[in-house]
Participant: 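Structure below; questions to follow.
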Amino acid sequence: MEHMGNSLVFTNEKCIGCNKCISACSAMGACVSSVVDGKPRIDVDGNRCIACGACIDTCEHGAREFCDDTERFFADLKRGEKISILVAPAFKANYPQEYEKVLGGLKRAGVNRIISISFGADICTWGYLNYIQKYNFVGGISQPCPAVVSYIEHYLPELLPKLFPVQSPLMCGAIYARKELGITDKFAFISPCIAKKMEIDDPHNKGLVQYNVTFDHLMKYIKAHNLSGNLATDEIEYGLGSIYPTPGGLKENVYWFLGEDVAIRQIEGEKHMYEWLKKNKDRIKQQKTPFTFIDALNCANGCICGTATDPEKSETDDALYALLKIKSESKKNNKKTAWGRPLTPAQRLAKLNQQFKSLRLEDYLRKYTDRSSTCPIRIPTKEQADRIFESLHKTTPESRVINCSCCGYASCQDMVTAIFNGFNHKENCIHYEKDEILLLGDARELAANLETEKEAIQRQQDAIGSTIESVEQHFTTLYESIEHMNSENENNASESTHIAGDMGDVADFMQKIRDSLSEIQQLVENLEADNAKVLDIASETNLLSLNASIESARAGEAGRGFAVVAGEINKLSASSKETAEQSDKNHQKIQGAITRLLNEAEHLVQIIEEVNGRTQNLAASTEQMSSATTIVLDAANSIKQSLDALSRDLT
Ligand code: SF4
Ligand code: SF4
Ligand code: SF4
């Protein structure tokens with residue numbers, strides 16, 4: 001359970017964050033919205049809470065509880081502390097049957113004396129009437145209700161001068177008990193009110209009362225501990241102070257003494273009364289109301305149905321009936337006291353003043369504290385409010401005045417102020433949440449689309465990846481081929497250069513062959529000339545042999561040996577001629593062959609020169625190709641590296 005700023009009212013674990021308490025609460029910022037462990041909840045800020053109890057009544061989930069001093073009271077009693085009790089008039093009205101039994105039980109538990117605060121209320125009435133008269137204090141606000149006091153101290157400090165400075169019935173009773181009855185015990189107030197604890201603990205009240213023991217917690221304790229004893233009752237007789245716990249109880253008391261012509265504004269009800277005070281604060285402050293005073297109570301049904309009474313009792317009018325009975329008994333049918341019916345208001349007042357003539361009004365006055373600095377409300381500037389509205393998705397004028405109150409505040413503007421002050425958060429606006437859900441739907445759709453897109457991109461990436469892989473493989477092959485080609489080109493270039501060189505050699509060689517052939521042709525021609533000479537000689541020889549034959553024939557027998565020689569010379573001449581002729585035929589054939597050979601050699605030289613020229617061109621091209629291939633190889637290498645990097649990036 002969270003007790004922010006020692007709050008009297010606090011939130012327990014049953015809170016579901018329904019925001020109803022915010023709408024019931026009159027104290028801006030007292031209900032603080034948060035999310036704890038993923039659960040929304042509304043806690044109470046003790047610096048801002050006025051303990052009006054409205055949220056306890058409103059909360060259907062039993063998530064709001066309150067603290068009082070019941071446990072400490074009984075613990076101290078057990079320890080033997082001397083404690084007397086001051087009993088609120090509403091206790092008898094709430095527990096008319098059990099009243100004396102309970103008081104008996106408390107006596108048995110160790111309580112010393114029992115003083116009814118109806119008597120303190122009588123002193124309070126005396127104090128109001130005298131203060132009004134003495135200080136001409138009109139248009140003031142009554143202060144028996146500590147929630148009203150707390151509200152003005154926290155949220156309307158400008159009205160503090162208009163709060164009656166007369167003590168409450170409780171404090172009047174306590175002061176009387178100390179001063180006039182001489183009771184030095186600690187005092188426990190048997191109280192219908194959670195907020196009484198604030199009054200008790202107020203330093204201005206000098207520790208007069210020590211315990212706020214609420215009806216609800218007291219009766220639960222008594223039941224739980226089976227506490228009972230002999231019947232006991234309160235000690236001091238009282239008058240119409242007994243009706244203070246009903247709405248307009250103070251007013252009725254004043255009417256009793258001043259007559260009913262006095263203008264008194266009676267107003268009660270947690271939300272309603274505070275709104276009224278806020279709206280009328282300027283009039284009240286400037287004393288522009290026609291009222292003698294304003295009788296204001298926090299609880300719509302008065303203290304008999306106070307914030308710390310059993311809620312079941314508030315569901316019926318039983319307590320009211322009982323109180324009317326007490327009221328009737330408080331009025332006497334004689335003229336002896338201020339409560340005598342037969343008396344006029346003036347006579348009653350005179351009797352009242354007579355009853356309390358020994359009291360000093362100043363002893364029953366109090367002071368107040370401006371507590372507004374503990375609960376500041378910062379009002380956002382237009383720009384600041386705009387920013388918050390925008391964060392709530394409220395971008396149009398209409399969206400800023402939806403005023404559905406689901407967040408607990410009366411208007412979207414109030415919610416903005418609450419967010420600005422850190423009392424609430426945007427997630428508590430139902431329209432913001434609706435917008436968020438719509439946006440979430442859109443976002444989900446987008447996310448689904450994105451997922452589909454992502455899958456498509458992934459598929460494309462995979463495809464690109466495998467394409468790149470295959471390109472890489474091809475590229476590797478290409479790269480290797482180019483590399484191979486490059487090296488082959490380099491070889492080719494050098495081979496071509498060699499071939500070109502060789503072809504040059506071949507051309508030179510062919511030139512030499514052609515020259516040799518020309519020489520041979522020349523020699524053959526020389527040989528032909530020689531052959532012609534042989535033929536000439538053979539012809540001459542034949543002629544000689546013919547002459548010799550003729551001479552030998554003439555010589556007869558003496559010429560016979562000469563005729564043989566002439567015959568042999570003739571044969572030699574014929575044979576030389578035949579040889580020369582045969583040789584001439586051969587020369588012609590050789591000549592023809594050499595000529596053809598020369599022509600062929602010429603043709604071959606031309607071809608070889610042509611081939612040589614081409615081979616040189618080829619060698620030069622191959623060189624160029626080789627250096628181009630090197631550039632291609634470099635380019636291929638850097639493409640391959642880029643592909644590698646791309647492939648790595650894709651995986
Ligand atoms: S009324 Fe307030 S305390 Fe009660 S459940 Fe709702 S949010 Fe919680
Ligand atoms: S007790 Fe009153 S002031 Fe305090 S949180 Fe509840 S409604 Fe607000
Ligand atoms: S729209 Fe939002 S901020 Fe406005 S009142 Fe409703 S819940 Fe509150």
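First listed ligand is number 1; within each ligand, the first listed atom is number 1.
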Participant: Check atom 2 (Fe) of ligand 1 and write out every protein N, O or S atom at under 2.8 Å, as residue and atom.
Facilitator: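 For atom 2 (Fe) of ligand 1, the protein N, O and S atoms that sit under 2.8 Å away are C21 SG.
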Participant: Does S26 approach ligand 2 within less than 4.0 angstrom via side chain, backbone, both or neither, non-hydrogen atoms only?
Facilitator: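 The answer is neither; S26 stays 4.0 Å or more away.
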Participant: Per the ring pair (Phe, Tyr, Trp, His ring centres under 6.0 Å) rule, which among W126, Y238, Y176 passes with F119?
Facilitator: Y176
Participant: Is it the side chain, the backbone, both or neither of V9 that has a heavy atom closer than 4.0 Å to ligand 2?
Facilitator: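 V9 to ligand 2: side-chain contact only, backbone stays beyond 4.0 Å.
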Participant: Salt bridge or not between R387 and E390? Use side-chain N to carboxylate O under 4.0 Å.
Facilitator: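 The answer is no: the pair does not qualify as a salt bridge.
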Participant: Would D45 and R48 pass as an ion pair if we require N to O under 4.0 Å?
Facilitator: yes
Participant: With a 4.0 Å cut-off on N to O distance, would you call R41 and E13 a salt bridge?
Facilitator: no
Participant: Compute the ring centroids of F137 and F164, then answer whether they are less than 6.0 Å apart.
Facilitator: yes
Participant: Do Y95 and Y99 have their ring centres less than 6.0 Å from each other?
Facilitator: no
Participant: Do R371 and D202 sit within salt-bridge range, that is, some charged N less than 4.0 Å from a carboxylate O?
Facilitator: yes
Participant: Give me the nearest non-hydrogen protein atom to atom 3 (S) of ligand 2 as residue plus atom name, then the distance to 0.1 Å.
Facilitator: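 Here the closest protein heavy atom is I50 N, 3.4 Å.
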Participant: Could K186 and F73 be counted as a cation-pi pair, given that NZ or CZ must be under 6.0 Å from the ring centre and within 45° of the axis?
Facilitator: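 Because its charged atom misses either the 6.0 Å distance or the 45° angle limit, K186 does not stack over F73.
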Participant: Could you list the atoms of ligand 2 found under 4.0 angstrom from a heavy atom of G53?
Facilitator: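 That gives atoms 1 (S), 2 (Fe) of ligand 2.
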Participant: How far is atom 4 (Fe) of ligand 2 from its nearest protein heavy atom, and which residue and atom name does that atom have?
Facilitator: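 For atom 4 (Fe) of ligand 2, the nearest protein heavy atom comes out as C49 SG, 2.3 Å.
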Participant: I'd like to check which ligand 3 atoms, numbered from 1 as shown, lie under 4.0 Å from a non-hydrogen atom of K394.
Facilitator: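 Here the atoms of ligand 3 in question are 1 (S).
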Participant: Using a strict threshold of under 4.0 Å (side-chain N to carboxylate O), is an ion pair present between D68 and K197?
Facilitator: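 No, K197 and D68 are not salt-bridged.
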Participant: Take F74 and Y221 through the test ring pair (Phe, Tyr, Trp, His ring centres under 6.0 Å) and record every step on the way to the result.
Facilitator: CA-CA 9 Å; F74 280 108; Y221 186 95; 3.7 Å; yes
Participant: Working note: N12 + E65, criterion side-chain hydrogen bond (donor to acceptor under 3.5 Å, both in side chains); need CA distance, chi angles, decisive distance, verdict.
Facilitator: CA-CA 7 Å; N12 65 29; E65 296 180 53; 2.7 Å; yes
Participant: Check for me: within less than 2.8 Å of atom 6 (Fe) of ligand 3, which protein N/O/S atoms show up?
Facilitator: C404 SG
Participant: Assert yes or no for the condition that the ring centre distance of F10 to F66 is strictly below 6.0 Å.
Facilitator: no
Participant: Hey, is D386 close enough to R400 for a salt bridge, meaning N to O under 4.0 Å?
Facilitator: yes
Participant: Please state which protein non-hydrogen atom is closest to atom 8 (Fe) of ligand 2 and give its distance, to 0.1 Å?
Facilitator: C25 SG, 2.4 Å
Participant: Tell me which protein heavy atom sits closest to atom 2 (Fe) of ligand 2, plus the residue, atom name and distance to 0.1 Å.
Facilitator: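 Looking only at protein heavy atoms, the one closest to atom 2 (Fe) of ligand 2 is C52 SG, 2.2 Å.
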